[in-house]
Amino acid sequence: MNDMVQQNLRSQYSADEVWSQFKPIVTGDDYVESLRGRNLKVYLFGEEIAEPVDHPMIWPSINALKASYDLATAEPELATAKSHLSGEQINRFLHIPHSSQDLVLKNRMQRKMGQITGTCFQRCAGLDSISVMHSITFDIDEAHGTQYHQRFLKFLDRLQKHNQIIAAGMTDPKGDRSKAPHEQADQDLFMRVTARNENGVFVSGAKAHMTGGLNSHWIMVLPTMRLGEEDKDFAIIGAIPLQAEGITYIYGRQSCDTRAMELGDVDKGNAQYAGQEVLAVFDNVFIPWDHIFMDGEYEFAAPMVERFTSYHRASYVCKTGLGDVMVGAAATIAEYNGLEKVSHIRDKLVEMTHLNETIYSSSIASAHESKPLPSGAWINDSMLANVCKHNVTRFPYEIARLAQDLAGGLMVTLPSQQDFESKDTGALLEKYFKGREDIPTADRVKILRLIENMTLGRNAVGYLTESLHGAGSPQAQRIQILRGMNVEQKKWHAKKLAGIKQVD
Ligand code: SF4
Ligand code: FE
């Protein structure tokens with residue numbers, strides 16, 4: 001630990017103090033209001049932003065999270081659940097799964113949220129982090145006689161009662177991939193404890209591409225990978241309010257994101273919703289003991305990460321909701337072009353649906369095949385969750401390719417909304433971009449812009465590249481599949497049928 005840090009301790013709030021600042025959230029509008037006035041240090045385009053909530057590039061990502069509150073009101077049977085702590089009805093994004101049905105409903109809700117927003121709605125990593133903390137804190141206490149589980153339950157109860165959003169701060173920058181955290185030339189490349197005192201701990205480091213980071217109320221910081229004994233100071237898990245002193249947020253770019261700053265909604269493709277990723281940099285940020293759920297128990301980092309991936313790789317069922325929008329958009333443009341009855345067009349829609357439902361089936365199967373852990377929380381089947389995420393690294397690309405096939409090249413050569421509205425060129429564009437006679441040209445343009453948005457533009461970040469790299473890149477799933485595939489047993493079956501003598 002660094003002695004210099006001791007002279008530079010940041011404001012040490014207590015857990016009660018920070019909770020007393022929060023008002024419980026009821027509606028989606030309450031949620032948006034709850035994000036205002038937090039005085040966060042946020043940088044975008046090299047400048048500090050006064051109020052992220054009002055920024056044109058940021059608010060569509062807030063709107064995607066707002067939809068999770070609105071869905072809880074509109075469809076409580078799907079998007080709320082009974083808390084196992086208070087017995088009260090809570091948002092399902094804050095519910096610890098206590099049965100396979102809970103995980104099935106979670107998946108259905110995620111698909112629905114994908115259909116509503118057409119983007120990454122940013123809440124699942126946080127949900128998956130609290131789900132994993134339920135069992136990991138229980139297991140650490142069993143092994144070490146610590147008190148993390150009760151502490152975590154108290155935190156969770158408050159989180160549920162305040163109906164807040166928690167983001168997962170999981171991905172450390174990692175530096176030289178061949179080196180362990182303690183071996184890095186720059187020790188800040190993995191989050192670590194810089195100081196401890198009677199009130200809590202101080203952490204430094206950074207969490208990269210944090211989904212919905214700015215739109216949340218809390219960040220659960222968690223180790224990103226297996227740790228050894230010499231990495232003890234990196235084995236830290238805690239919950240940090242976004243406005244804690246010492247955090248700097250730097251906003252991530254998305255392709256075509258500056259279209260959000262243009263006038264008019266058409267060229268945006270999906271003007272209402274977008275995803276968000278930020279880099280959060282922590283400079284000796286304080287966490288009170290009440291919000292610390294692991295401190296030094298390095299041997300639990302690996303099972304924590306493994307359980308997190310079982311939950312989170314099944315959460316990528318979210319992309320089937322976006323896939324539904326893709327199929328719908330492709331079918332709509334085919335109809336607008338007067339081609340909906342052509343057999344190869346129908347067959348392409350069948351292919352897109354088959355791929356999308358294959359993703360869904362692996363995720364929903366992993367929920368049905370879930371098992372309870374000693375804490376009472378249920379966890380997705382790891383093999384099927386990994387298969388789901390691995391499908392997600394491939395199939396949305398093929399679905400997107402087919403949607404672009406049906407859209408035609410016009411999708412990427414269309415003039416701007418301003419040209420369609422111009423007195424000089426509007427009539428010409430109206431005439432020459434007409435499809436079927438009974439379909440307004442403007443509608444044809446809008447659906448093409450949506451396909452552009454999801455396959456090339458802002459929400460292609462969520463539909464494609466996040467599908468590839470989120471919750472671990474493809475190789476990470478192949479490693480898990482290799483570990484779980486039990487090839488010896490499969491060889492035994494084959495040899496038995498072939499009549500080959502074997503030991504048992
Ligand atoms: Fe949820 Fe999917 Fe976004 Fe991850 S990528 S936070 S699982 S919507
Ligand atoms: Fe993700």
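Side-chain atoms are counted along with the backbone in the values below, which use heavy atoms only and exclude waters and symmetry mates. Counting from 1, the numbers follow the sequence of the chain as shown. Order of appearance sets the numbers: ligands from 1, and atoms from 1 within every ligand.
Counting the atoms of ligand 1 from 1 in the order shown, those under 4.0 Å from a heavy atom of C124 are 1 (Fe), 6 (S), 7 (S), 8 (S).
The 12-atom threshold is not exceeded at CD of E47, counting heavy atoms of other residues, nucleotides or ligands nearer than 6.0 Å. Shown here is R151, whose CZ atom has more than 12 heavy atoms of other residues, nucleotides or ligands within 6.0 Å.
F152 and F293 have perpendicular rings, their planes meeting at more than 60° on a 0 to 90° scale where under 30° would count as parallel. In this pair, H162 and W19 present their aromatic rings tilted. The plane angle is within the 30 to 60° band.
Counting heavy atoms under 4.0 Å from ligand 1, residue K319 touches it through the side chain alone. If you look at Q122 next to ligand 1, the close heavy atoms, those under 4.0 Å, all belong to the backbone. Counting heavy atoms closer than 4.0 Å to ligand 1, residue S315 contributes atoms from both its backbone and its side chain.
At a cut-off of 2.8 Å, C120 is not counted among the residues with an N, O or S atom near atom 2 (Fe) of ligand 1.
Between H312 and ligand 1 there is a heavy-atom distance shorter than 4.0 Å.
If you check the side chains of S363 and K389, you find no donor sitting under 3.5 Å from an acceptor.
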